[in-house]
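Written below as structure tokens is the structure these notes are about.
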2 protein chains.
Amino acid sequence: MRMQKAQPKIKDVAHAAGVSTATVSRALTQPERLSEATREKVFEAIQATGYRVNRAARNLRTRRAGAILVLVPNLGNPFFSHILSSINEVLAANGYSVLVFDSQQHGASEQVVSDCLLNGSVDGLITLDGRVSDVTRQTLKNANMMRQVVFCCEWSDHLPVPSIRSDNALGTQMAVDHLVALGHRAIAHVTGPAENILGRVRKDAFSACCAAHGLDILPDWIIPGDFSLAAGVAAADRILAMGTRPTAVFCASDAMALSFISRCQQRGVSVPHDISVVGFDDIDLAAFSQPALTTIRQDRPGLGRLAAEELLAHLHGDQKSDGPHVIYAPISLIERSTTSAPAALRAEPGRVAKPAI
Amino acid sequence: MRMQKAQPKIKDVAHAAGVSTATVSRALTQPERLSEATREKVFEAIQATGYRVNRAARNLRTRRAGAILVLVPNLGNPFFSHILSSINEVLAANGYSVLVFDSQQHGASEQVVSDCLLNGSVDGLITLDGRVSDVTRQTLKNANMMRQVVFCCEWSDHLPVPSIRSDNALGTQMAVDHLVALGHRAIAHVTGPAENILGRVRKDAFSACCAAHGLDILPDWIIPGDFSLAAGVAAADRILAMGTRPTAVFCASDAMALSFISRCQQRGVSVPHDISVVGFDDIDLAAFSQPALTTIRQDRPGLGRLAAEELLAHLHGDQKSDGPHVIYAPISLIERSTTSAPAALRAEPGRVAKPAI
DNA sequence: CACACAAATGTAATCGATTACATAGCGCGA
DNA sequence: TCGCGCTATGTAATCGATTACATTTGTGTG
């Protein structure tokens, strides 16, 4: 009774259908090569026995894993969930399983990645983490496995593989242009972590855009953050303590923007009346905060989908586009209610319509 | 040049070390059974050749997969990220890989689950989705695979497997007690989806608690929601339109609570001055909203960790606790700033200290 | 009618590890 | 000295599929 019925094997099916194992296997993998009669016999036998292909055996023989590794820096960060979701959707639809690993969690994370690729437990890697150790890079190069890796969101310039990303510089420019168009000339920036490629790119783009607009940005107005909620609060405290306070703030993440705003409100500073705020990402909550957050939307589902599709194309050999090419997912400014003309301009309505360039 | 060096196999290592493949295998799996000299020879050869155990071969032979499937209802929901993260942490530390699937994504989701378990591509299943189809239940029962499944957060009473969860009734009671202690007697509830076990349990507990306190809850005050941000807005609109408006609202999720509050503020209703709000979950943003959200904290890392540990215990045969037992992760009321005494009581301070029972 | 060729199916090698069983070497007590 | 038992290692079967190659059957052609 408590005996566990052994899983039926291909031999059992073959026997039940009165054919050879080869025929059963072919019914599953190349049904068009069998006569209709046999094919049906086999499928009936499969039904009857409840047969399932043993994955390990198939993988061993075919030297494929049918799985993709997704490397996430901090799985606990909800920003990644939509990306993971769309990656999953595309891969699952193509018969691949999705393995996830948190690249910050284990000292052994570098080990894990190259291990998985080298020992055949996955066919490819999508990494949302732009930091790639030298060891990993070298290992991938040696094993000639570069074409089975793609970056998503983040990237590293040292690893020549395809990269799916938002145009962060463009997004930053949209944010700055928007604020400048409203009349702001004193704009602060709360950055991402210095070691993060996105943080660096957005910060550099911010400086460049401000320079292009001829804005005079005080060094103090570049406030180091780390994308986190806590960083937004800290940034608000710093700005509210400043002698010459900027009239607008561009935050490198929505999380920082939202907590920045909360802290301002808590300290009696009104957004956007007293200070305008622009975020980056367009997380779900951005549309539902009060006031609703003006931000730069990253197409998270699109990023995931494109990355998955790109990887699949490479795995299936469409090397039409081998190497380190970049694909940009669409990005856009979502104007909501945390930006307005600066107070000084509102006092001189003449300048509001056509703000000084 | 572009030849891809074939991965070294165990035979290559054996040859390099001058031993048999059995010895190499033993060096990897039961090193204590080898003499120190041989063991070192083998490890050097492994180093030298860059050998990695082929997973498919090992899995085939050992009839293990070294992987666990985590089934998530809606991967895009950030609530799950912390849980997934801690599941991952525990499993990775124990040498297991983590496969994720979104149970809402594919019509084939039921297929996927039983497939994965039956074809040996995973050793166990942690499901965050309480809805289990009859087919799946039957399949699991037939294959005697129940002991390789655990529920986390959600559950189904029809599947007798271990369940790691928060004490939702207790959490609800904490919320209601808190509001009642503040003097509220007119409390609304924004529910989760009717088809969701958590939504139902919290709603039932809410009704029971209110009854226990002798509160008179109008049917209208039970507002159907679905945990989403949009539902919070809709609920706010409904409540603000009511003739007899409740003085407090218990929302079945933080997402609904936060968007509920935003909508109230937007419509000029102040929280907690005009209406008190309690959430459920304690998501990251709850502490950083303005006002900071009073809520019931679920220990998400704890839920994930316990589920992973429970599953590992079962897989390793510690069937000390076989069957459908329930493990509760700690839950607590986090008092922040979205609750206060109702306006009516503030006018009669005499009643504030000891509100009428 | 014989032969070439294609289609359908079977036989058995193969993927790369683990491990049951066999063997060799060694120490120790009788 | 013999033999028992223990340790260290080797030999070869095994896990369960896929697939190269062989074989059979059927079909069209000169």
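Note that this is a predicted model, so its numbers are computed, not measured. Here is the naming used below: chain letters follow the sequence lines, and residue numbers restart at 1 for every chain.
- In this structure, the CZ atom of B:R33 is 10 Å from the P atom of D:dT9, given to the nearest Å.
- Taking atom CD on A:E36 and atom P on C:dA7, their separation rounds to 17 Å, with Å as the unit.
- With salt bridges taken as basic N to acidic carboxylate O contacts below 4.0 Å, one links A:R137 and A:D134.
- Taking CG from B:N94 and CG from B:L312, the interatomic distance works out to 4.5 Å, rounded to the nearest 0.5 Å.
- Over its full length, the helix from C:dC1-D:dG30 to C:dA30-D:dT1 turns its helical axis through 60°, comparing axes from the five pairs at each end and rounding to 10°.
- Between the side chain of A:D102 and the backbone N or O of A:L75, at least one donor-acceptor pair lies under 3.5 Å.
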Could you write nucleotides 13-19 of chain C as a row of B, S and -, 5' to 3', where a protein heavy atom under 4.0 Å of any base atom gives B, of only sugar-phosphate atoms gives S, and otherwise -?
BBBBBBB
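- Between B:V326 and B:R165, the shortest heavy-atom distance links the atoms CG2-NH2, 3.5 Å.
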List the steps and the verdict of side chain to side chain contact (heavy atoms under 4.5 Å, CB included) for A:R58 and A:T29.
CA-CA 11 Å; A:R58 168 178 282 182; A:T29 54; 4.0 Å; yes
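- Rounding to the nearest 0.5 Å gives a distance of 12.5 Å between NE2 of B:H82 and CG of B:L303.
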Run the side chain to side chain contact (heavy atoms under 4.5 Å, CB included) check on B:I197 and B:F151 step by step: do they pass?
CA-CA 12 Å; B:I197 184 79; B:F151 280 119; over 6 Å; no
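- When distances are taken from the side chain of A:S20 to each of C:dA8, C:dG10, D:dT9, the shortest belongs to C:dG10.
- When the side chain to side chain donor-acceptor pair (under 3.5 Å) test is applied to A:S20, the partners found at least two apart in sequence or on another chain are A:T23.
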